[in-house]
Protein chains: 2
Amino acid sequence: MRPSIKSDQTERIVQALKRAGYQATPNRRLVAELVAATGGHFTAADLLERGRRERVNIGRATVFRALELLASLRVVERLDLPSGSHAYVVCDPDAHHHHLVCSNCGKSEDVADGELARLVDDIGRRSGYSIESHRLELFGTCPSCAAAATGTVATARGVQA
Amino acid sequence: MRPSIKSDQTERIVQALKRAGYQATPNRRLVAELVAATGGHFTAADLLERGRRERVNIGRATVFRALELLASLRVVERLDLPSGSHAYVVCDPDAHHHHLVCSNCGKSEDVADGELARLVDDIGRRSGYSIESHRLELFGTCPSCAAAATGTVATARGVQA
DNA sequence: GCCACAAATGAGACCGAGTATCAAGTCCGA
DNA sequence: TCGGACTTGATACTCGGTCTCATTTGTGGC
Ligand SMILES: [Zn+2]
Ligand SMILES: [Zn+2]
Ligand SMILES: [Zn+2]
Ligand SMILES: [Zn+2]
């Protein structure tokens, strides 16, 4: 079921704020909604524009601040697109994972770390470095986009956007 | 002429330029030298500053253009530091690999892809995405920095800055 | 060497993302 | 309700990077 626009995703984000002791102000709620409403990745500018569209005033700085906050709570994560620009994706704050991003539509899937952890350990051992963090980013074409591209319009039906 | 400073690394870069049909102009040679002379990672601004120091005039745009060129030849690679800022590292143009970067001194090691390729394949198969590229970046402390940090001053002697 | 043309360069305007400042507004607990 | 802490928006600013365009430099053919 779907309680209209503000998904429980929104609520989850708001809860994360409260739990961490931050005020859940109207502005932050708005950002939470906007974030939750995106498939794929988004930039601060995206949110700003969409935000302005449905509510008149939200300051640029406020959006940046909210995103920074959400990022610190691991509710969103910063992504470095191959183009060199930055974007965000919502993500699960509870488990270390990585992102697989459709370079066509921007949709993003979480990918469990899996064996990578072992691999990283190995690299650390072999190199003598003490590895503190790592980042894996995967880019490709998602099934829907692939289907759309091959022109087999029929199959596009079975896939949810 | 002073062949001491310009390592064969420099020459390798210059050759790569020629091979790809680009002019090896004095400016580009300069950038090649500067790039070759860095351990660790560097930014365009770094190069610019060092460049200006030893030769009066090299335009900002020129440095950016040269780096862009070298990046397209895979002679350098763009890195996204955890801070969100961009840097470059020299790297082997002939084999796909990743980078392990010391977050203290900036030194960087190439890391072979190894089993990662298989892992990436798996992820593609499981997710249905057709994966086109991936990026793995590892951050940690290099052995010299670790040694220096533990305060064993004795060992610091044996390490080059 | 000389010439014509292509490639490269530098200065500076420009742009967009992100940050800093600061005064004004809002929230919350006592 | 009151006061202090937190939040906000406008604005100025920084900084990495790009664009433009007039000038310079390199190259290949003669
Ligand atoms: Zn897609
Ligand atoms: Zn991982
Ligand atoms: Zn180090
Ligand atoms: Zn790889």
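Every chain is numbered from 1, with letters handed out A, B, ... down the list of sequences.
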Please give, in whole Å, the distance from [N] [atom2] to [X] [atom1]?
| X | N | atom1 | atom2 | answer |
| --- | --- | --- | --- | --- |
| A:Arg29 | D:dT7 | CZ | C1' | 15 Å |
| B:Leu30 | C:dT9 | CG | P | 10 Å |
| B:Leu48 | C:dA11 | CG | C1' | 13 Å |
| A:Asn27 | D:dA10 | CG | P | 11 Å |
| A:Tyr22 | C:dC28 | OH | P | 16 Å |
| A:Leu67 | C:dA17 | CG | P | 13 Å |
| A:Lys18 | C:dC28 | NZ | P | 9 Å |

Protein heavy-atom contacts under 4.0 Å, written 5' to 3' over nucleotides 13-30 of chain D as B (base), S (sugar-phosphate only) or - (none), form the string ----BBBB-----S----

Checking the side chain of [X] only, and the main-chain atoms of [Y] only, is there a donor and an acceptor separated by less than 3.5 Å?
| X | Y | value |
| --- | --- | --- |
| A:Arg29 | A:Ala24 | yes |
| A:Ser103 | A:Gly140 | yes |
| A:His41 | A:Lys107 | no |

Determine: side-chain N/O of B:Arg28 to OP1/OP2 of C:dT9, distance under 4.0 Å, yes or no.
->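 The answer is yes; a side-chain N or O of B:Arg28 sits under 4.0 Å from OP1 or OP2.
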
Cluster check A:Leu69, A:Tyr88: I/L/V/M/F/W/Y, side chain < 4.5 angstrom |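 Yes.
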
Beyond-backbone contact of B:Leu34 with B:Glu54, side-chain heavy atoms, under 4.5 angstrom =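 Sidechains of B:Glu54 and B:Leu34: in contact.
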
Which residues satisfy the salt bridge (charged side-chain N to carboxylate O under 4.0 Å, His left out) test with A:Arg19, sequence neighbours excluded?
->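 Here no residue qualifies.
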
